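No experiment lies behind these values; they were computed from the predicted model shown. Every number for a ligand or one of its atoms is a count from 1 in the order of the listing.
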Amino acid sequence: MSKEVRRAAEILGRGGLVAFPTETVYGLGADASSEKAIARLYKVKGRPADHPVIVHFASSSEAFTWASEVPREAKLLAERFWPGPLTLILKRSDQAKDFVTGGQPSVGLRVPSHPIARDLLKEFGKPIAAPSANRFGRVSPTTAAHVREDLGADVDLVLEGGPSEVGIESTIVDLSGGAAVLLRPGKISKDDLQKIISLGRAGASPRHSGGMDRHYAPRTPARLVPTHELDREISKLKARAAVLAFSRPDERVDFWLRMPREPAAYAQKLYAALRELDDAKCDAILIEAPPAESAWEAVLDRLRKATA
Ligand code: TXA
Ligand code: MG
C-alpha cells in the first residue's frame, strides 16, 4: 500500500474528496456513507442533487449488502465481470441513502479492477461514491492531468495512475425492475452481456445523466460525418476546423487527429482526443463516423452524445 493511498484514505475519512484512477475513467471519490462529503462532491461536480452516483466497493459480497434484492442475473454478471468495468443498478438496501441515489429506490454498484482503486477501497474500508472526475457536462477525464485541469484546487488529492486503460465509462445494466436493461454501453458490450443473461428493451428507464443529450460534449460545435462525405465536408469548410478521422491528415484542415481502426484502442484515446480537438480552438469539429457495427456501439454512443 503506497503512502499516497494511505493519505487518500485519511482524506476520505475526514469527508474530503479524492480523485483516483479506475480502469474506465478517473473518479471523484467521497465517503458514500457521509451526507456532508456527498454534498461537497455534488457541489464540486456541479451536478443536480437528484442525479444518482455510482458507489464503488472492494468486493461483490460487500457491494450486494447495498442491495435489498440480488437477482440471479446480478450474481452471474458479477461473477463474470467483477472486478471490472460494469455497473449494476439494483434495488437499494437501507445502506444506500437518498443522498447517493438521488432519492431513487435503486442504487448503482461497481467493483473496479484498477489496482490503485482496489488498494484505496481496501485501505478506506468503506464504499466510495465516485462519479467521473469532470465538471458536469464535460468529457470524463482519462488522465490525472485532465482531472487537475477540470477540478483544480476543488479536489483535495489526485492519485496518479497513468492513462485509463478502457477510456470510456463502465457499462451500466439496470436490474432493479423486471427485465435487465442496458442503460449505458461500454467495453463490456451487449453481446458480452447476452452470452450470460437476456436483455429486455429499454422502457421508462430511471433517470441517469449519461442518458441526457450533450452530456459528453466538447465546447466547440462538433459533427459526425460519414466516411464517404468527409472529403466533401472538408472542401466546404469556411472556418478553422479540427478533424478526428481514421485516414491521414488532409492539408486543407488546420488541426487533424488520426484515430485507430480498432474499437478498444479508439475508445482508450477518445476523451483525450476530444479535449485536444477542443483545445485547438477551432470553430468546428468534424468527426469521421466509425462503422455502424456492434463492436463500435459504445464509442458511437459517446460520439453521438458529443455531437448532439
Ligand atoms: O466508469 C464509470 O462508471 C465511472 C468510474 C469513475 O467508475 N463513473 C461514472 O460515474 O461514469 P458518473 O456518475 O459520471 O456516471 C454514472 C451514471 C450516471 O449516468 C448516473 O446517473 C447513473 O450512472 N446511475 C447511477 N446510479 C443510478 C441509478 N440508481 N439508476 C440509474 N442510473 C444510475
Ligand atoms: Mg460522468
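Which of Leu88, Val25, Ile89, Asn134 comes nearest to atom 30 (N) of ligand 1 through a heavy atom is settled by distance: it is Ile89. Ranked by closest heavy atom to atom 24 (N) of ligand 1, the top entry among Ser170, Pro52, Gly102 is Pro52. Residue nearest to atom 9 (C) of ligand 1, selected from Ser132, Ser140, Ser176, Ser106: Ser132 (by heavy-atom distance). Among Arg184, Arg92, Glu169, the residue whose heavy atom sits closest to atom 15 (O) of ligand 1 is Arg184. The nearest non-hydrogen atom to atom 7 (O) of ligand 1, considering only Gln104, Lys187, Lys91, His56, comes from His56.
Salt-bridge check for Arg92 with Asp98: passed, with a basic side-chain N closer than 4.0 Å to an acidic carboxylate O.
A distance-only check finds no donor-acceptor pair linking the side chain of Glu165 to the backbone of Gly167 [under 3.5 Å]. When atom types are taken as modelled, the side chain of Arg240 and the backbone of Ala284 share no donor-acceptor pair closer than 3.5 angstrom.
Residues Val107 and Ile89 are not in side-chain contact: their nearest non-hydrogen atoms beyond the backbone lie 4.5 Å or more apart.
Residue-to-ligand polar distances place Arg47 within reach of ligand 1: an N/O pair is separated by less than 3.5 Å.
Glu288 and Thr227 form a side-chain donor-acceptor contact under 3.5 Å, judged by distance and modelled atom types alone. Arg184 and Ser170 form a side-chain donor-acceptor contact under 3.5 Å, judged by distance and modelled atom types alone.
One finds the OG1 atom of Thr22 at 4.5 Å from the CZ atom of Arg110 (value rounded to the nearest 0.5 Å).
At a 4.0 Å heavy-atom cut-off, ligand 1 does not touch Asp174 at all.
Of all the atoms in ligand 1, the ones that sit under 4.0 Å from a non-hydrogen atom of Gly27 are 6 (C).
Among the atoms of Ser132, an N, O or S atom falls under 2.8 Å from the Mg ion (ligand 2).
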